[in-house]
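Below is one structure, written out as structure tokens; comments come after it.
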Amino acid sequence: MSPRRKSRIVAADPDWLSLPLDKLTLTRKEGFAAFAETPEPPRPPELSVAELKSLDPPELERHNLARRRFLANLRPIKTAQAEAVFADLEEILDAAVDQPTWEAKSMAAIDAFPGLGKTTLGLAFAKHVHNTLIGAHGRFTEAGHERWPVIRVGMTGDTRVKDFNWALLEFFAHAGRNSGTANMFLTRAMNCALACESRVLLVDDLQFLRFRTTWGTELSNQFKTIANEFPLMILFIGHELRDKGLYDDPQLARRITPLELAPFTIDDDAGRHQWRSFLLALEQRLPLADKHPGMLADDLSDQLYARCSGHIGSVMSLMRRGCRRAIRTGDERLTADLLAGVKLDEAAEQLRKQWEALFRSGRGTSKPSGSGKR
Ligand SMILES: Nc1ncnc2c1ncn2[C@@H]1O[C@H](COP(=O)(O)OP(=O)(O)OP(=O)(O)O)[C@@H](O)[C@H]1O
Ligand SMILES: [Mg+2]
């Protein structure tokens, strides 16, 4: 980035840059609260091409900056897959909160390929729990402690029991997180969870845990202790959790409800309808002056599917990059030509040719029957 460009961003965006790091990271409760409670960034005004042309350069720059920020923070789209898993999570949590304290609490695991929106969905659920419980019961518990309905821990390459317990304390910024044994850390964390009436523990990137090692087994055992002793539901998120051994332990296999998040599929009309509904919702969000209804769902459906093989992460990257390009070039709309020049992730590129060949041959389509242009 050139110094000139950087200084313009600094000048235009001082609030973001002055936020303390705590508020930007989800490893601390303050960061999580900022994530859960900060209002969505306002949608930039929808300008026509003529209106865009009438802006003077500083106005245009401000408008483009607002559009870039909006694109970077697009709210999650309610896909059919995500809504189904969300409903399952609500049901599991509802049942768990009313269980007697001495009964082992429920656990759930979202296990799906990278880039399918697991973290997005887990965080959307966590945000919902945070805001619902604080809205219903207030920011403080009856005993006068801060209410923290959700605790979030992200796993890293070599998280062991003590690291995990440290991360629990770190979330609460607990003064006792720098000295003590793993068990002492766990007891302190449990006291925090009890005092703050926590109801969900979200453990993201669980695939990093090597279950079939000594410390993997130790941490798995500790998950059982947490389920037994803590008053909360554990939500694991990761990929290949089954193959990596999450369910090797019979007790965990009995207690964890596995949930899947599937890519969009176009094998049947039901799947193709879901893909189309997603594209229709997505195209409405795009802040481009010359877009039109059907720009994605009618004109680019096959191409987008071929580019991302139904993976939401890849299609969202394509949208963010494509829109930025369309703003920069002045095209102000997405076309096959423009998107063809946008680079994407390796996994998506690997599968692209197969899908393109299928659509070209006429043996497959991503559009449901009766959806207009084909
Ligand atoms: N429902 C959604 N609506 C809009 N964008 C989404 C949605 N789900 C996921 N995305 C976007 O897709 C990208 C990948 O999502 P996310 O990080 O949640 O995937 P993941 O399954 O957790 O991947 P990984 O296994 O790599 O951690 C993100 O940029 C996210 O913003
Ligand atoms: Mg993730």
Side-chain angles (χ1 to χ4, degrees), residues 24-27 31-32 35-36 38 40-41 43 68-90 108-128 150 152-157 159 167 201-209 235-244 246 258-265 271 274-287 296-297 304-305 307-324 334 342-350:
L24 297 176
T25 159
L26 299 179
T27 57
F32 184 81
F35 157 77
T38 306
E40 307 292 344
R43 201 191 152 86
R68 286 201 298 270
R69 285 181 73 173
F70 180 74
L71 277 169
N73 292 294
L74 278 182
R75 269 181 303 137
I77 295 174
K78 286 187 179 168
T79 64
Q81 299 90 322
E83 286 216 301
V85 177
F86 198 100
D88 288 335
L89 289 172
E90 277 192 304
I110 306 179
D111 189 353
F113 282 120
L116 285 178
K118 301 181 294 296
T119 299
T120 307
L121 173 61
L123 287 176
F125 177 67
K127 178 176 174 171
H128 168 73
V150 176
R152 180 203 163 274
V153 172
M155 302 284 291
T156 54
T159 309
L201 167 61
L202 190 154
V203 183
D204 201 354
D205 287 321
L206 188 63
Q207 72 277 354
F208 283 131
L209 182 61
L235 171 56
F236 299 110
I237 295 178
H239 62 86
E240 294 178 36
L241 300 180
R242 184 180 300 281
D243 293 347
K244 291 193 167 151
L246 175 62
L259 301 170
E260 281 174 24
L261 198 53
F264 291 100
T265 54
Q274 287 182 4
W275 173 242
R276 180 174 168 79
S277 302
F278 166 69
L279 294 183
L280 287 170
L282 180 56
E283 63 187 27
Q284 284 183 18
R285 301 263 180 104
L286 303 182
L296 303 184
L304 293 178
Y305 196 89
R307 291 297 303 272
C308 73
S309 35
H311 282 66
I312 196 165
S314 303
V315 84
M316 294 310 289
S317 297
L318 185 59
M319 289 299 108
R320 288 195 187 97
R321 293 174 196 175
C323 285
R324 289 176 84 110
L334 298 181
V342 177
K343 307 271 185 306
L344 267 192
D345 59 275
E346 168 66 13
E349 289 298 319
Q350 286 288 333

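Ligands are counted one by one from 1 in listed order, and the atoms in each one are counted from 1 as well. We use all heavy atoms of the structure for the numbers below, so side chains are in, but hydrogens, waters and symmetry mates are not.
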Task: Within-cut-off N or O pair, Lys118 and ligand 1, under 3.5 Å - done: yes
TODO: Locate the shortest heavy-atom distance separating Ile312 from Gly115; write the atom from each residue and the value.
DONE: CG2-O, 3.7 Å
- [ ] Look at atom 22 (O) of ligand 1 and find which of Thr119, Thr120, Thr79 reaches it with the closest heavy atom.
- [x] Thr119
- [ ] Check for a donor-acceptor pair, side chain of Asp111 on one end and backbone N or O of Glu240 on the other, with a separation under 3.5 Å.
- [x] yes
Open item on the list: If you count heavy atoms of other groups shown closer than 6.0 angstrom to CD of Glu260, is the number above 12?
Closed with: no
Task: Pairwise side-chain contact, Leu304 with Leu279, heavy-atom cut-off 4.5 Å (strictly under) - done: yes
Task: Nearest-0.5 Å distance, CE of residue Met155 to CG of residue Asp205 - done: 9.0 Å
Task: Protein contact to atom 23 (O) of ligand 1 [nearest heavy atom, distance to 0.1 Å] - done: Gly115 N, 2.9 Å
- [ ] For atom 4 (C) of ligand 1, grab the closest protein heavy atom and report residue, atom and distance to one decimal in Å.
- [x] Ile77 N, 3.6 Å
- [ ] Starting from atom 19 (O) of ligand 1, find the nearest protein heavy-atom neighbour and note its residue, name and distance.
- [x] Gly117 N, 3.1 Å
Task: Partner of Glu40 under salt bridge (Lys or Arg N to Asp or Glu O under 4.0 Å), chosen from Arg285, Lys127, Arg69 - done: Lys127
TODO: Could you pull out, from Gly313, Ser314, Ala281, the option with a heavy atom nearest to atom 14 (C) of ligand 1?
DONE: Gly313
Open item on the list: Looking only at protein heavy atoms, which one is nearest to atom 7 (C) of ligand 1, and what is the separation?
Closed with: Ile312 CD1, 3.5 Å
Task: Atoms in ligand 1 with a heavy atom of Pro76 nearer than 4.0 Å - done: 2 (C), 3 (N), 4 (C)
Open item on the list: Yes or no: does Leu74 have any heavy atom under 4.0 Å from an atom of ligand 1?
Closed with: no
Open item on the list: Within the 4.5 Å heavy-atom criterion, are Arg242 and Pro258 side-chain neighbours or not?
Closed with: yes
Task: Top protein contact for atom 29 (O) of ligand 1, by heavy-atom distance - done: Arg320 NH1, 3.3 Å
Open item on the list: Using the side-chain contact (heavy atoms from CB on, under 4.5 Å) definition, which of the options Leu116, Thr119, Leu121, Asp88 pairs with Ile110?
Closed with: Leu121
Task: N or O contact, Leu121 vs ligand 1, cut-off under 3.5 Å - done: no
TODO: State, yes or no, whether a side-chain contact exists between Leu206 and Lys244 at a heavy-atom distance under 4.5 Å.
DONE: no
Open item on the list: Under a 3.5 Å cutoff, is there a donor and acceptor pairing between the side chains of Thr159 and Thr156?
Closed with: yes
Open item on the list: Tell me whether Arg276 is salt-bridged to Glu283, with the criterion being a basic N under 4.0 Å from an acidic carboxylate O.
Closed with: no
Open item on the list: For Ala82, which part has a heavy atom under 4.0 Å from ligand 1: side chain, backbone, both, or neither?
Closed with: neither
Open item on the list: How far is atom 5 (N) of ligand 1 from the closest protein heavy atom, and which atom is that?
Closed with: Met316 CG, 3.4 Å
TODO: Could you tell me whether Lys343 and Glu349 make a salt bridge, using a distance below 4.0 angstrom between a side-chain N and a carboxylate O?
DONE: no
Open item on the list: Given a threshold of 2.8 Å, state how many protein N/O/S atoms are nearer than that to the Mg ion (ligand 2).
Closed with: 1
